[in-house]
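Ligands are counted one by one from 1 in listed order, and the atoms in each one are counted from 1 as well. Here, residue 1 is the first one in the sequence, and each next residue gets the next number.
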Amino acid sequence: GPALLFVKTSQGKEEGRRFYACSACRDRKDCNFFQWEDEKVSETRLAAREEYNRNHQPSLTHRQNVDRYKNFVLLPLSKRRFCRECQQLLLPAEWEEHSDHQFLCDISTAQLKSPSQLLYPLENKKTNAQYLFADRSCHFLLNLLIDLGFRQVLCVGTPRLHEMIHSKASQEEEFSVRSLLLDIDFRYSQFYTEDEFCHYNMFNHHFFGGEAAHETCRKFLHEENGERVIMVTDPPFGGLVEALASSFKKLMAMWKETEKEGHDNKEMPMFWIFPYFFESRILDFFPSFSMMDYQVDYDNHALYKHGKTGRRQSPVRIFTNLTPSMIVLPEEEGYRFCTVCQRYVSSGNQHCEICNSCTSKDGRRWKHCVLCKKCVKPSWFHCNNCNCCTLQKHSCEKTDVGCFVCGKTGHKRSACPSLSRT
Ligand code: SAH
Ligand code: ZN
Ligand code: ZN
Ligand code: ZN
Ligand code: ZN
């Protein structure tokens, strides 16, 4: 889909030069598209690019994949193979072609219902960054949505939640939640119909399936008989917040347009799952959002697992525009309700009388600094040189690399002043 317009800034210069680059691949190794904003593009180069794009389309269309799936499920177990190298369900006529590839046999219906287990996670940090929810977190999310009364879930980059909803719907008669997956991972088109999955880029709001896919999404967002919709998204953490926010606003606008009365002044309910250190960035774009203390855990991410068992605590949280007091967090995992803040907080998150808020962001107990007039991480101390709280071990000279969170120079991510905005 469309490229994004970036700006190259060099130190000391006010204005940088603007250029277009791929929205989805943040690593030039994955996609080398680059073009200065003011660059004249020759006919030859344009033709070459179009040729390149044509040659890099998936070999099968979504429609073809859906037809293949229909044939696949008719096969006896002994003839159901999945090529691990091509990440593709194989029909018997194709075995030959893949004879020197590794494959899985006897693909059961249960396996077909959990493609996220069958497919290997695309862990490439800069592009797909596929980190799958641990069962505990996925169940928690789903139960929460159901308890809140939602019956339609727009899953944007959350294949595992989508698959949990789908397999429940096919197994339990009285389970009436529906789900639509929007994801850039086209492998999922082998397992879901056009009404269940849209090939989508969340960095530029591009539907690869064109107007028909757009319409599928629009239809899905339309709330019939009071079946309320919520969007749940878990984007790659390296993603640009402004690009994501711009796409999510477009999805919100789509939801708004589906209702003749225009939903008054309401926003489409949303869960945006993202690390806590992006709090201020997200609030810049969505002032109605607040961050929940719940720590989201992942299966294939060694660092982002639950703290209880002595492993590291996950920095990943839920940002939502729903009223915080409605988001009930599990008491058996140590969360408790703070009556002053009117929200559930981590067990270690103490209510600070001076800030008048439960101030911890990472689940540990934070301490109040009277000089900074705010609560800070337990490991920080007040440095009179820098005139702020920071790590004990720091050099008072400022760094000149931009901060990962706010982009400003002078401090690193861990000391970003926008982190602990209250
Ligand atoms: N925790 C989620 C997965 C999150 S990983 C779960 O278990 O369901 C991030 C997801 O976003 C992956 O599914 C990945 O394929 C998808 N993704 C990555 N870049 C994307 C893009 N540009 N547009 C849409 N989806 C993208
Ligand atoms: Zn193969
Ligand atoms: Zn509190
Ligand atoms: Zn405080
Ligand atoms: Zn201080």
Contact atoms of ligand 1, heavy-atom distance to [X] under 4.0 Å:
X: L161; result: 8 (O)
X: F203; result: 22 (N)
X: Y298; result: 1 (N)
X: P236; result: 18 (C), 19 (N)
X: N201; result: 21 (C), 22 (N), 23 (N)
X: Y131; result: 1 (N), 2 (C), 3 (C), 4 (C), 5 (S), 7 (O)
X: Y200; result: 23 (N), 24 (C)
X: G157; result: 2 (C), 3 (C), 4 (C), 9 (C), 10 (C), 11 (O)

Do [X] and [Y] have ring centres separated by under 6.0 Å?
X: H162; Y: F197; result: no
X: H199; Y: Y188; result: no
X: F319; Y: F274; result: no
X: H222; Y: F220; result: no

Can you tell me if [X] uses its side chain to pair, donor with acceptor, with the backbone of [Y] under 3.5 Å?
X: D234; Y: T158; result: no
X: E163; Y: R160; result: no
X: T323; Y: S325; result: no

Shortest-distance N/O/S atom, H351 versus the Zn ion (ligand 3): ND1
Among L132, D185, D183, closest by heavy atom to atom 14 (C) of ligand 1 is D183
For atom 21 (C) of ligand 1, state which one of T233, I184, D297 supplies the nearest heavy atom. I184
Test: R68 and E94 ion pair at under 4.0 Å: yes
Taking distance alone, with no angle check, do [X] and ligand 1 share an N/O pair under 3.5 Å?
X: D234; value: yes
X: M202; value: yes
X: P159; value: yes
X: F133; value: yes

Within 45° cone and under 6.0 Å: K249 NZ/CZ vs F286 ring: yes
Quick check with a 6.0 Å cut-off and a 45 degree axis cone: is K8 positioned over the face of F19's six-membered ring? yes
Non-hydrogen side-chain atoms of R281 and E242 separated by less than 4.5 Å: yes
With rounding to 10 degrees, what does the angle C338:SG / the Zn ion (ligand 3) / C358:SG come to? 110°
Looking only at heavy atoms, which two atoms of L60 and Q64 are closest? And how far apart? CA-OE1, 3.3 Å
Indicate the ring-plane relationship of Y52 and H56, choosing parallel, tilted or perpendicular according to the 30° and 60° boundaries. parallel
At a cut-off of 2.8 Å, list the protein N/O/S atoms near the Zn ion (ligand 4), residue plus atom name. C352 SG, C355 SG, H368 ND1, C375 SG
Show the numbers, then the answer: is there a salt bridge (Lys or Arg N to Asp or Glu O under 4.0 Å) between E37 and R18? CA-CA 5 Å; E37 185 188 20; R18 307 212 287 182; 3.0 Å; yes
